[in-house]
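What follows is one structure encoded as C-alpha cells, with my remarks underneath.
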Amino acid sequence: MDNPNDITVAIIDYETGNLFSVEHACEYVGLSAAITSDSTVIMDADAVILPGVGAFGGAMENLKRLDLEFPLKDFIATGKPFMGVCLGLQLLFSESEEFGRHKGLGIIEGAVVRFPAQTAVGGPVKVPHIGWNRIHKPSGKDWDNSPLRNLNEGEFMYFVHSYYPEPLSKDVILSITDYEGVQFCSSISQKNVFACQFHPEKSAKAGLEIYKQWAGLIKTRII
Amino acid sequence: MAKNIRIIPRLDIKGPNLVKGIHLEGLRVLGKPECFARYYYETGADELIYMDIVASLYERNSLHDIISRTAKEIFIPLTVGGGLRTIEDIREVLKAGADKVSLNTAAIKNPEIIEDAARKFGSSTIVVSIEAIRQPDGKYLAYTDNGREYTGIEVLSWAKQVEDLGAGELMITSIDREGTGTGYDIALTGMIANAVSIPVIACGGSGTSEHIAQVLSDGNADAAAVASILHYEFIMNNSVEIEAGNEGNVEFLRSRRGFSKIKPVNLREIKEYLYRNNFKCRYNAMTGETNG
C-alpha cells in the first residue's frame, strides 16, 4: 500500500452509540479516522461514516440539534464515499415508525419498520434481532464494485436491531438477510452511499474485509 | 431451530487475572484474560463477556485497560459487567471499548437505571444479569454480588420488569450450577426464556457440548455463556505463562491438573457438535471455519 493514512474519514459523533469500535476498525485497515461533529471537518474529509446505536427519533433530534443534518446531506451530494452503519443506515431513509413516525434524512426512499412479534406460523419472535446471520446476494445482483466484493455469498455478519429498512426501489438492495422468516434488506448501495444494517466492525475478519474494501474504493476515487 | 444461536465465552476477571471458581467462590487464577480472549476470537467466539467479579465489593469496575487493549484487536461484541453503578460508569466502559454493559446489583437497587441507560445508550447496549439461587420450596430468587447478597426478589417477575424497563437482553446465571460442570439449570432458563420476548443468555454449569445443546433446545435460550470448559482446554493445549507476581491461588495452574467434572473442548468443537445436531450457528460446514 502507498500511504493509506492520507485518507481521512470523519466518524460522525451525534451523542449516540459506540463510535469507538468503528474508529478501531478504520485504524485496523489503515484509515485515518476522526470522531467529530464539526461540519468543516466533515466537509473536508475524504469519506464519512455515520454509525449509530439507539432510537431513531432521538438520533434525528441530535443530528438537528448539533446542526449535522445539512452537512451530512451536503457531503453525500459531493459524491464522496459515505458509509452508514446500523442506525446510520436507517437514518438515511425517508421515515421510521420507531416510537411514532419520524422523518429521516431522506437520502434513500423508503421506510424503517419493526420486526413482527410473531412468525408467519404464529411462533414468538425475539426482538431485538441479536447475533450472527447470513447476508445473501439478491438475484441478478453482484457485489463486484461494492465493499462486499471479497465476501462469500452467505457470509455471517453481526446484527443488533429491532427495525429494518424497506427501500422503495429494489435496485438499491445490496444484500438480503432472513430473520424468523422475514427477508429484509441488510445492506444498500446507492451511488456513493454504502450502508449496512449489520455491524462490520463487530463481524470479525469478514467484517474487517468490508472496511478494507471500502478503504480501497475511497483510494481509487481520490487518486 | 430457525435462529442462529450464539456461544459466548465468559471471562471472570479479578485484578489482572482470569479466574474461575465454583458457585462464584473459591477462585483459581487461570492466566491473562487477553490471551484467552484472543484465542476465543480466533476460534470462533460469537461475543465475549468480561466480568469484574470483585468490582461489586469495591463498587467500581477496574477493567478499563483490559477493555481498551481488547477492543483494539478483537472485532466481535464485548459485554462488560461488574461494579457498574451509574450512567457515568456505563459511559466510561463503553468509551473504553465495550459494546454492551451488564447490570445486576445496580439494577436491583435502582431499577430506573435500566430505563435511563436504555434511553441514553440504546436498549441493545443494556444486558441485565440475573443471578438466581433455587430455594428449598422450588422458587428462584435473585441475588447480587456474585450470589452473596440475598434480595428476596423472585426472578420471573424481575425478568419481566427488566424487559418492560427496556433492557435489550437478559443473562440468567444459576449460582447453584455455576462452575460445577453439571449442566445448565434448564428449568430456570426455560421459565424465563419462554416468558420474555428479548433474547436470553444462559449461564452457569456447562461441562460438555451436550449441556450447551440442551439449554439451547430444552431451555429455549438464545445464547449460551461458557467458561470452564473453554478455559481448561486453552490451558491444557497452550502454554499459559505464570507470572511470579500473580496474586491469588495459582497452585492449580502450576499443577496443570484438569477438573474432573468437565470435558474441555474448544469453540470449533462446540460449533461442530451443535451444527451436527441441527442447530444454526456461525459455522461453515464445508471448511469447519468458525471465524469467517
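Please read these numbers as outputs of a predicted model, since none were measured by experiment. First the proteins, then the strands, lettered A, B, ... as listed; each starts at 1.
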Does the side chain to side chain donor-acceptor pair (under 3.5 Å) test come out yes or no for Glu47(B) and Tyr158(A), once each step is laid out?
CA-CA 10 Å; Glu47(B) 301 183 21; Tyr158(A) 189 83; 2.6 Å; yes
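Here the CZ atom belonging to Phe75(B) is positioned 14.5 Å from the NE2 atom belonging to His199(A), to the nearest 0.5 angstrom. In this structure, OG in Ser197(B) is found 13.5 Å from CZ in Phe115(A), a value given to the nearest 0.5 Å. For the atom pair CZ of Arg134(A) and CZ of Arg282(B), the computed distance is 11.5 Å after rounding to the nearest 0.5 Å. Here His161(A) contributes atom NE2 and Ser123(B) contributes atom OG; the two are 14.0 Å apart, rounded to the nearest 0.5 Å. Taken from CD1 in Ile74(B) to OG in Ser21(A), the straight-line distance is 13.5 Å, to the nearest 0.5 Å.
For Glu73(B), no part lies under 4.5 angstrom from a heavy atom of chain A. Of the atoms belonging to Leu208(A), it is side-chain heavy atoms, and not backbone ones, that fall under 4.5 Å from chain B. For a residue to count as touching a neighbouring chain, one of its non-hydrogen atoms must lie under 4.5 Å from one of that chain's; by this rule Pro128(A) touches chain B with backbone and side chain alike. Only the side chain of Asp222(B) has a heavy atom closer than 4.5 Å to any heavy atom of chain A.
Of the possible donor and acceptor atoms, none in the side chain of Trp132(A) sits under 3.5 Å from a partner among the backbone N and O of Asn4(B).
Put simply, the residue from Val200(B), Ile198(B), Asn220(B) that forms a side-chain contact (heavy atoms from CB on, under 4.5 Å) with Lys126(A) is Val200(B).
The nearest pair of heavy atoms linking Ile76(B) to Lys202(A) is O-NZ, 3.3 Å.
With chain A as the partner, the residue from Ser124(B), Ala45(B), Pro199(B) showing the most heavy-atom pairs under 4.5 Å is Pro199(B).
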